[in-house]
Amino acid sequence: MPELPEVEIVRQSLNKKIKYKKIQKIIIRNRNLRFKISPEFEKSLINKEIKKISRLSKYIILYLEDNNYCIIHLGMSGTIHLVERNKNNFKTNTSFYSSQKLPKKHNHVEIHFGNLIMIYNDPRRFGFFKFIKSQNELSSFFKNLGPEPFSKSFNCNYVFNYFKNKNKNIKNFLLDQNFVSGIGNIYSSEILYLCKIKPLKKAKNLSLQKCKKIIYFSKYVLNKAIKKGGSTIRDFKNTLGNEGKFQDEFRVYQRENSNCRRKTCNGIIKKKFITNRSTYFCNVCQK
DNA sequence: AAGAGGCCCTGATAGC
DNA sequence: TGCTATCAGGGCCTCT
């Protein structure tokens, strides 16, 4: 589900709601996420204050006391819900709370901050929670991650040199988190459309100009998506259970057989599976 | 050793 | 209120 913009939306609301709060209780209903949640997980987090909430590519990082951290990844279908418990919506026979847009199934993790409760829901369980006990362990966890699109090191030199002699197509590079981190399947199609580059173009054949465009439009699309609250295709919801709005502005994603949105182009949007991921592009103006 | 493909999992939808 | 097949915002692991 969530690419950089969606994860950033979640981070922003966590930052407003749980910063400086103390974890008072943790309930794990299903430990079998992508990585199994260890039996010590609860003990490590309990009574710790959240000092800061940051994001690195598609990962959320909770900064805890004593140089401890908790990494959260939402996988394909993970959502985080913040619900307020009060007299009217508390049900004593379950831990769930009515009057919220909370799914009924797959609420795997609950972190309680007094009456405010953070609930992790994930039908497909590709996401995870991971406790990190030191700064070293934190940096080693991310050691293979490429620069974020917004970072200074995602520049023309880096991209152009990285692509030299690479036979892989550009679509796959945008999805490759070791090259650039945070872009996923939706935004890679959108970025390449704006760059007028066809997704199957070999990276080594991209000019310096095209590399510049890739950098520019990566930032452009992701920034715009963040401003619109992210994209909702099926699962993504913000912490209040509301959908994003950027899907209304897709130029190619899920627009198969529609006309190209460029006024001067008479192309048609095509869908093609590239290494098993659906990819959308204009058959005329992307070259 | 770069690059392609399978796989983890559940649910929604389309087609029969 | 049937099946069954296909596909979905990710990323790790294995094979060549």
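Quick note on labels: first sequence line is chain A, next is B, and so on, each numbered from 1.
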Side-chain N,O (Asn185(A)) to OP1/OP2 (dA8(C)) below 4.0 Å: no
Interatomic distance where CZ belongs to Arg277(A) and C1' belongs to dG3(B) [whole Å]: 16 Å
Taking atom C1' of dG3(B) as reference, at what distance in whole Å does atom CG of Asn172(A) sit? 8 Å
Is there a Watson-Crick or G-U wobble partner for dT10(B) with both distances under 3.5 Å, and if so, which one is it? dA8(C)
In terms of side-chain heavy atoms of Phe173(A), which of dA8(C), dG3(B), dG10(C) is nearest? dG3(B)
Given dA8(C), dG11(C), dG5(B), the nucleotide with the shortest approach to the side chain of Lys58(A): dG11(C)
Rounded distance (Å) that lies between atom P of dC8(B) and atom NZ of Lys36(A): 16 Å
If you count the non-hydrogen atoms of other residues, nucleotides and ligands that lie under 6.0 Å from CD in Glu49(A), is the total more than 12? yes
Check: Phe179(A) ring centre within less than 6.0 Å of Phe163(A) ring centre: yes
How many whole angstroms separate atom CG of Asn178(A) from atom P of dC13(C)? 12 Å
Counting the benzene-type ring for Trp, do Tyr187(A) and Tyr253(A) have ring centres under 6.0 Å apart? no
With a 4.0 Å cut-off on heavy atoms, is Phe273(A) in touch with a base, just the backbone sugar-phosphate, or nothing at all? sugar-phosphate
If I take atom NZ in residue Lys143(A) and atom P in nucleotide dC12(C), what distance separates them, rounded to the nearest angstrom? 11 Å
By the 4.0 Å heavy-atom rule, please label Phe246(A) as base, sugar-phosphate, or nothing. nothing
In whole angstroms, how far is the P atom of dC8(B) from the CZ atom of Arg125(A)? 12 Å
Are the side chain of Asn169(A) and the backbone of Lys171(A) linked by a donor-acceptor contact shorter than 3.5 Å? yes
Is Glu3(A) salt-bridged to Lys58(A), going by a charged N under 4.0 Å from an acidic O? no
Show, in sequence, the C-alpha distance, side-chain angles and deciding distance for Lys51(A) and Glu65(A), and conclude whether the salt bridge (charged side-chain N to carboxylate O under 4.0 Å, His left out) test is met. CA-CA 7 Å; Lys51(A) 296 293 201 189; Glu65(A) 298 169 62; 5.5 Å; no
Compare the aromatic ring of Phe126(A) with the six-membered base ring of dG11(C) and state whether they stack according to the 5.5 Å and 30° rule. no
Under-4.0 Å side-chain N/O to phosphate OP1/OP2 contact, Ser278(A) with dA8(C): yes
Arg124(A) CZ to dC7(B) P: how many Å, rounded? 15 Å
For nucleotides dA5(C) and dC7(B), find the distance between their P atoms and express it as a whole number of Å. 16 Å
Rounded to the nearest angstrom, tell me the gap between atom OH in Tyr120(A) and atom P in dT10(B). 13 Å
Assuming nearest nucleotide by heavy-atom distance, tell me which of Arg34(A) and His106(A) is located more 5' along DNA chain B. Arg34(A)
Return the nearest nucleotide to the side chain of Thr275(A); candidates are dG6(B), dA4(B), dA8(C). dA4(B)
Between Lys271(A) and dA8(C), is there a contact of a side-chain N or O with OP1 or OP2 at under 4.0 Å? yes
If the C1' atom of dA12(B) is compared with that of dG11(C), how far apart are they to the nearest Å? 23 Å
